[in-house]
Amino acid sequence: MPPITEIHGLLIADRERTADLISSLSGNIASMVEASQLTAADDEHDPEGSTIAFERSQASTLLAAARNHLADVDAALARIAAGNYGYCERCGQPVAGDRLLARPTARTCISCAAAGS
């Protein structure tokens, strides 16, 4: 298994990037909502309406994904703090070091992940 300090550093950097992304997306969504309140635009009849609705939906979807990823990162950091990081939550065996480097938030070994989630 790679050194925990290396994984911890990867997770902290990932957490910072994800938190910045959440902040940016939240600001974008707030701007879209504010802009739509300042105009009498009707998404259904406005030629730009479908584009605006799509952009708002896309930003909301990306925000939800970023929040889920942040929760995964925080859970991995909690497992490091608890001393049980790097072990499969299904079978209890160690998770391969290469898997942890590629996906530091992994909760399962490759075999259990392949068996279904």
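This chain uses plain numbering: 1 for the first residue, then up along the sequence.
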Legend entry - pair Ser24-Asp20: side-chain heavy atoms closer than 4.5 Å: no

Inset, instruction - Could you tell me the separation between the CG atom of Leu11 and the CD1 atom of Ile80, rounded to the nearest 0.5 Å? - result: 5.0 Å

Inset, instruction - Using the side-chain hydrogen bond (donor to acceptor under 3.5 Å, both in side chains) rule, collect all pairs that involve residues 79-88, keeping only residues at least two apart or in two chains. - result: none

Cut-off 3.5 Å, no hydrogens considered: what does the side-chain donor-acceptor table look like for residues 60-73, sequence neighbours left out?
residue, atom, partner, partner atom, Å
Ser60, OG, Arg56, O, 3.0
Thr61, OG1, Ser57, O, 2.9
Asn68, ND2, Ala64, O, 3.4
His69, NE2, Asp14, OD1, 3.2
His69, NE2, Asp14, OD2, 2.7

Legend entry - Heavy-atom side-chain proximity of Cys91 to Cys109 below 4.5 angstrom: yes

Can you give each donor-acceptor pair under 3.5 Å made by side-chain atoms of residues 97-107, sequence neighbours left out, with the distance rounded to 0.1 Å?
residue, atom, partner, partner atom, Å
Arg99, NE, Thr108, O, 2.7
Arg99, NH2, Thr108, O, 3.4

Inset, instruction - Kindly write out the residues that satisfy side-chain hydrogen bond (donor to acceptor under 3.5 Å, both in side chains) with Asp74, not counting sequence neighbours, or none if the list is empty. - result: Arg15

Inset, instruction - Establish whether Val95 and Ile110 are linked, either directly or via other cluster members, by ILVMFWY side-chain heavy-atom contacts under 4.5 Å. - result: no

Inset, instruction - To the nearest 0.5 Å, tell me how far Gln93 CD sits from Cys112 SG. - result: 9.0 Å

Legend entry - With Arg17 via side-chain hydrogen bond (donor to acceptor under 3.5 Å, both in side chains) - residues at least two apart: none

Inset, instruction - Quick one: pull up OG1 in Thr18 and CG in Leu25 and give me the separation to the nearest 0.5 Å. - result: 10.5 Å

